S.K.: 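Attaching a single structure in structure tokens format; questions to follow.
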Amino acid sequence: MLRLGEKQRLVIIKKVEFGVYLATSEKEMDEKVLLPIKQVPAGSKVGDELEVFLYRDSQDRMIATTKEPKLMLNQVAELTVVQVGKIGAFLDWGLEKDLLLPFKQQKKRVKQGDRILVSLYIDKSHRLCATMNVYDCLRTDSPYQKDDRVEGRVYEISDNFGAFVAVDNIYSALIPKKEMYGRVEIGENISARVVRVLEDGKLTLSIREKAYLQIQKDAEVLLKLLDSYEGSLPFNDKASPEVIKYETGMSKNEFKRAVGHLLKAGKIQITERSIRRN
């Protein structure tokens with residue numbers, strides 16, 4: 001059986017002027033695919049086996065190639081947007097025909113030159129397309145352990161769960177809402193700490209430091225914010241969580257801990273309506 005979107009070892013069953021026809025065996029000649037002449041290795045003859053990748057050409061015919069695609073079925077890869085058209089974006093995946101990323105498969109609108117994380121799927125018309133829904137193709141056998149530092153790409157954000165991350169563009173991970181810090185966006189590269197390895201192998205991450213380190217970090221952020229307001233914030237720790245989050249990127253509890261740390265160190269004072277730097 002010829003398998004679209006995968007590499008296969010196929011047998012040359014017929015030579016023609018414009019290439020060779022390949023099949024799964026010399027006995028299975030009903031289902032065959034063309035390998036264009038410019039990609040046929042020199043000296044090839046009927047009966048030889050070749051490793052090829054199967055996709056569809058610009059006329060929607062299945063065709064073989066000896067070129068190495070940057071993405072195959074059940075894989076995840078970072079590809080470049082080369083063009084945006086009426087039906088979606090087109091990605092460079094190393095083959096003559098660019099790969100379509102339909103608008104409905106985009107987690108956010110992409111533009112020419114963007115590097116985006118995608119996987120490959122076969123649509124209802126039996127064509128290969130890209131999708132930014134990569135969750136099912138990410139692996140769960142990472143080598144990472146608790147407290148390891150990792151790098152990853154945010155590929156989805158859920159109001160209920162947090163930010164989904166592809167660690168090393170390979171492994172499945174999640175930053176739960178309680179471990180989020182600041183503004184995190186789809187497509188952003190992040191550095192995080194592994195806080196847990198689940199039984200199924202998926203990673204739970206945090207972009208916050210351990211508590212004692214994070215308080216110091218938040219305090220430094222607050223001091224810089226005070227400087228940007230010429231030493232006096234127009235709100236204090238009684239402000240609404242929404243105002244605090246918008247202005248500082250911290251939760252109200254994180255903000256109050258940072259304020260308490262700076263107050264104890266004598267670096268700020270709190271008034272009825274503001275926080276001032278000493």
Side-chain angles (χ1 to χ4, degrees), residues 1-13 18-25 28 31-42 44 48-85 87-107 110-142 152-153 155-156 166-172 187 189:
M1 179 180 177
L2 299 179
R3 301 191 302 272
L4 192 66
E6 300 180 42
K7 276 188 173 182
Q8 282 183 270
R9 292 198 68 82
L10 300 178
V11 178
I12 298 176
I13 59 169
F18 45 87
V20 298
Y21 281 101
L22 307 170
T24 53
S25 74
E28 300 290 336
E31 192 178 30
K32 59 184 182 293
V33 63
L34 176 69
L35 176 66
I37 187 65
K38 62 184 177 181
Q39 295 193 43
V40 178
S44 297
D48 286 352
E49 276 195 0
L50 298 176
E51 184 175 61
V52 293
F53 176 77
L54 304 184
Y55 70 115
R56 293 194 182 276
D57 64 14
S58 56
Q59 296 181 11
D60 228 19
R61 300 171 301 191
M62 187 181 289
I63 196 164
T65 178
T66 54
K67 291 184 177 180
E68 183 76 20
K70 297 177 181 178
L71 179 65
M72 291 186 280
L73 285 177
N74 302 314
Q75 293 182 348
V76 176
E78 190 179 82
L79 303 180
T80 300
V81 178
V82 294
Q83 184 183 357
V84 177
I87 58 175
F90 292 89
L91 314 179
D92 173 17
W93 64 322
L95 302 183
E96 292 181 5
K97 181 187 176 186
D98 293 328
L99 180 64
L100 173 65
L101 171 63
F103 284 126
K104 66 180 180 180
Q105 296 296 330
Q106 298 178 20
K107 291 292 184 180
V110 301
K111 61 185 185 299
Q112 186 175 347
D114 283 352
R115 296 276 295 169
I116 56 173
L117 198 66
V118 293
S119 59
L120 191 65
Y121 75 100
I122 300 173
D123 72 5
K124 293 179 181 179
S125 300
H126 302 288
R127 295 171 299 186
L128 291 171
C129 294
T131 176
M132 292 173 71
N133 298 299
V134 301
Y135 180 86
D136 290 335
C137 292
L138 293 173
R139 289 165 46 184
T140 56
D141 59 345
S142 87
R153 173 73 65 89
Y155 65 88
E156 185 174 351
V167 170
D168 299 336
N169 288 349
I170 298 174
Y171 305 112
S172 183
N189 290 314

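One is the number of the first residue; the rest follow in order along the sequence. Remember, it's a predicted structure, so these values are computed and weren't measured experimentally.
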S.K.: If you define the side chain from C-beta out and look only at heavy atoms, does anything of Y21 sit under 4.5 Å from I12?
M.R.: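 Side-chain contact under 4.5 Å: no.
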S.K.: Would you mind reporting whether Y121 and N133 have side-chain heavy atoms less than 4.5 Å apart?
M.R.: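 Result no, sub-4.5 Å side-chain heavy-atom pair not found.
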S.K.: Can a donor-acceptor pair be found, under 3.5 Å and without considering hydrogens, that links the side chain of Q39 to the backbone of T66?
M.R.: yes
S.K.: If you define the side chain from C-beta out and look only at heavy atoms, does anything of D57 sit under 4.5 Å from K97?
M.R.: no
S.K.: Take E68 and K7 through the side chain to side chain contact (heavy atoms under 4.5 Å, CB included) test and state the conclusion after the steps.
M.R.: CA-CA 9 Å; E68 183 76 20; K7 276 188 173 182; 2.4 Å; yes
S.K.: With side chains defined as the heavy atoms from C-beta onward, is the minimum distance between L91 and I116 less than 4.5 Å?
M.R.: yes
S.K.: Side chains of R139 and D141: closer than 4.5 Å at any heavy-atom pair?
M.R.: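 The answer is yes, as the side chains (C-beta and beyond) meet within the 4.5 Å cut-off.
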S.K.: Going by heavy atoms in the side chains, are E6 and L54 under 4.5 Å from each other?
M.R.: no
S.K.: Parallel, tilted or perpendicular for F53 and Y55, by the 30°/60° rule?
M.R.: parallel
S.K.: Would a distance-only check, ignoring hydrogens and angles, find a side-chain to backbone donor-acceptor pair under 3.5 Å from Q106 to L101?
M.R.: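 It does hold such a pair.
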S.K.: Does atom OH of Y135 have more than 12 heavy-atom neighbours, drawn from other residues, nucleotides or ligands, at distances under 6.0 Å?
M.R.: no
S.K.: Does the S125 side chain pair with the main chain of R127, one donor and one acceptor, at a distance under 3.5 Å?
M.R.: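 Looks like no, no N/O pair under 3.5 Å.
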S.K.: Can you find a pair of side-chain heavy atoms, one from F18 and one from P36, that are under 4.5 Å apart?
M.R.: no
S.K.: Side chain to side chain contact (heavy atoms under 4.5 Å, CB included) for D92 and K70? Distances and angles first, verdict last.
M.R.: CA-CA 8 Å; D92 173 17; K70 297 177 181 178; 3.2 Å; yes
S.K.: Are the side chain of R56 and the backbone of H126 linked by a donor-acceptor contact shorter than 3.5 Å?
M.R.: yes
S.K.: Contact between F103 and V84 at the side-chain level, heavy atoms closer than 4.5 Å - yes or no?
M.R.: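 Contact flag for F103/V84 side chains = yes.
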S.K.: Go through it in stages, so that I can follow the logic: the residues are Q75 and L120, the test is side chain to side chain contact (heavy atoms under 4.5 Å, CB included), and I'd like the CA-CA distance, side-chain angles, deciding distance and then a yes or no.
M.R.: CA-CA 7 Å; Q75 293 182 348; L120 191 65; over 6 Å; no
S.K.: Show your reasoning for whether side chain to side chain contact (heavy atoms under 4.5 Å, CB included) applies to I122 and L73.
M.R.: CA-CA 9 Å; I122 300 173; L73 285 177; 4.1 Å; yes
